[in-house]
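Notes for the one structure printed next.
None of the values given here were measured: they were computed from a predicted structure.
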Amino acid sequence: MSRRFLFVLGSARLDGNTELLARAAAEQLPADVEQRWIRLAENPLPDFEDLRHDTDRVRPSSDTVTGQLLDETLAATDLVIASPLYWYSVSSLTKRYLDYWSGWLRTPGLDFRAGMAGHTLWGVTALADREPSVADPLVGTLNNSAAYLGMRFGGVLLGNGSAPGDVAKDTEALARAKTFFAREAPLARFPYQDA
């Protein structure tokens with residue numbers, strides 16, 4: 001099966017450091033690998049309503065933002081969450097997208113979990129702090145989400161930058177970007193499974 005990458009951009013800023021780092025990594029993908037880029041700020045999802053115990057869900061229509069994002073998510077062999085580190089986790093735009101996964105899991109006839117199993121989840125983030133461990137909550141969110149769905153997890157490409165364009169000065173991150181998507185991603189595991 002040929003690979004199909006979906007890059008979900010969770011920044012509120014156009015061409016922010018996280019997006020620049022994601023694009024640097026994507027440039028290394030072979031030309032025959034399909035890439036789709038969706039900027040959540042330009043395709044805002046409505047507030048998520050947790051209706052799982054109140055009503056039956058229906059699959060969103062493909063002509064809505066929610067339906068298009070669902071279709072793109074399921075079609076991707078490789079899903080890249082590109083979210084800046086906001087308050088030590090994913091951005092609110094990204095979190096809303098992940099919240100929708102809860103609804104899609106409970107949509108009759110969709111079988112979202114089976115549809116995502118075996119696909120690969122990757123993360124890209126820029127952070128202002130020089131200490132990479134401050135991104136652990138973001139990494140945990142993505143790893144645990146992948147583990148819950150039976151996905152592979154390729155890890156998170158970290159870059160440093162606060163002001164626009166700062167990540168271009170992070171030569172170590174740019175070097176890691178050159179091989180980031182070339183690695184074989186293992187099946188995601190919850191931290192307690194490794195204990």
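A search for side-chain hydrogen bond (donor to acceptor under 3.5 Å, both in side chains) contacts involving Lys95 returns Asp99, not counting sequence neighbours. Here Tyr148 pairs with Arg113 under the side-chain hydrogen bond (donor to acceptor under 3.5 Å, both in side chains) rule; sequence neighbours left out. With sequence neighbours excluded, the residues satisfying ring-ring contact (aromatic ring centres under 6.0 Å, His included) with Phe112 are Trp101, Trp104. The side-chain hydrogen bond (donor to acceptor under 3.5 Å, both in side chains) check on Thr66 picks up nothing, with sequence neighbours excluded.
Side chains of Leu110 and Leu70 form a contact here, defined as non-hydrogen atoms less than 4.5 Å apart. Looking at Gln35 and Leu29, their side chains come closer than 4.5 Å, going by heavy atoms from C-beta outward. Leu85 is listed as a side-chain neighbour of Val134, based on a closest heavy-atom distance under 4.5 Å. Counting only heavy atoms from C-beta outward, the side chains of Leu79 and Trp122 never approach each other to under 4.5 Å. Side-chain contact between Val33 and Ser2 is absent, with no heavy-atom pair separated by less than 4.5 Å. No side-chain heavy atom of Asn160 sits less than 4.5 Å from a side-chain heavy atom of Lys169. Using a 4.5 Å heavy-atom cutoff, the side chains of Leu93 and Leu45 are not in contact.
Taken to the nearest 0.5 Å, the OG atom of Ser133 stands 10.5 Å off from the OH atom of Tyr88. Remark: Tyr192 OH to Asn144 CG distance equals 8.5 Å, nearest 0.5 Å. The distance from the OG1 atom of Thr73 to the CE atom of Met116 is 6.0 Å, given to the nearest 0.5 Å. Residue Gln68 holds its CD atom at 8.0 Å from CD1 of Ile38, rounded to the nearest 0.5 Å.
Under the 4.5 Å side-chain heavy-atom criterion for grouping Ile, Leu, Val, Met, Phe, Trp and Tyr, Phe190 is connected to Val139 within one hydrophobic cluster. Grouping the Ile, Leu, Val, Met, Phe, Trp and Tyr side chains by contacts below 4.5 angstrom, directly or via other members, places Phe153 apart from Val80. At a threshold of 4.5 Å between side-chain heavy atoms, the hydrophobic network of Ile, Leu, Val, Met, Phe, Trp and Tyr places Val8 and Leu98 in one connected group. Residues Val90 and Met151 share a single hydrophobic cluster, defined by chaining ILVMFWY side chains whose heavy atoms lie under 4.5 Å apart. The hydrophobic cluster containing Val167 also contains Phe180, counting ILVMFWY residues as joined when their side-chain heavy atoms lie under 4.5 angstrom apart, directly or transitively.
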Tell me, with the steps shown, if Leu40 and Leu69 meet side chain to side chain contact (heavy atoms under 4.5 Å, CB included). CA-CA 9 Å; Leu40 293 174; Leu69 193 52; 3.9 Å; yes

Next on the checklist: I'd like to know whether Ser89 forms a side chain to side chain contact (heavy atoms under 4.5 Å, CB included) with Thr141, so could you lay out the CA-CA distance, the side-chain angles of the two residues, the decisive distance to 0.1 Å, and finally the verdict.
Outcome noted: CA-CA 8 Å; Ser89 191; Thr141 293; 3.8 Å; yes

### Verdict with supporting geometry, Thr120 and Thr77, side chain to side chain contact (heavy atoms under 4.5 Å, CB included)
CA-CA 6 Å; Thr120 303; Thr77 60; over 6 Å; no

Requested in this report: With side chain to side chain contact (heavy atoms under 4.5 Å, CB included) as the test, would you mind laying out the steps for Leu157 and Leu21 before giving the verdict?
Outcome: CA-CA 8 Å; Leu157 175 61; Leu21 187 57; 3.8 Å; yes

_salt bridge (Lys or Arg N to Asp or Glu O under 4.0 Å) assessment of Asp47 paired with Arg96_ = CA-CA 7 Å; Asp47 286 340; Arg96 182 176 289 181; 2.5 Å; yes

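Summarising the geometry of Ala26 relative to Trp37, their closest heavy-atom pair is CB-CZ2, 3.6 Å, with the distance given to 0.1 Å. The minimum heavy-atom distance linking Ser11 with Ala41 is given by the pair O-CB, 3.8 Å. In terms of heavy-atom proximity, Gly161 sits nearest to Asp166 at CA-CB, 3.4 Å. The two atoms that bring Leu127 and Leu158 nearest to each other are CD2-CD2, 4.0 Å, heavy atoms only. Here the closest non-hydrogen pair linking Ala126 and Asn17 is CB-CB, 3.6 Å. Smallest separation of non-hydrogen atoms from Gly10 and Ser91: O-OG, 2.6 Å.
Put simply, the residue from Leu121, Val124, Leu142 that forms a side chain to side chain contact (heavy atoms under 4.5 Å, CB included) with Val156 is Leu142.
Taking the six-membered ring where tryptophan is involved, the planes of Tyr100 and Phe48 are perpendicular, since the angle between them exceeds 60° and thus also 30°. Ring orientation note: the planes of Phe7 and Phe181 are nearly perpendicular, at an angle over 60° on the 30°/60° scale.
Side-chain contact, Tyr86 with Thr94: no donor N or O sits under 3.5 Å from an acceptor N or O.
Under the salt bridge (charged side-chain N to carboxylate O under 4.0 Å, His left out) criterion, the residue pairs touching residues 4-20 are Arg4-Glu34, Arg4-Glu72, Glu19-Arg23, Glu19-Arg39, with sequence neighbours excluded. Applying the salt bridge (charged side-chain N to carboxylate O under 4.0 Å, His left out) definition to pairs two or more places apart or across chains, none involves residues 126-136.
A salt bridge is defined here as a Lys NZ or Arg NE, NH1 or NH2 lying under 4.0 Å from an Asp or Glu carboxylate O, and Arg152 with Asp78 fails to meet this definition.
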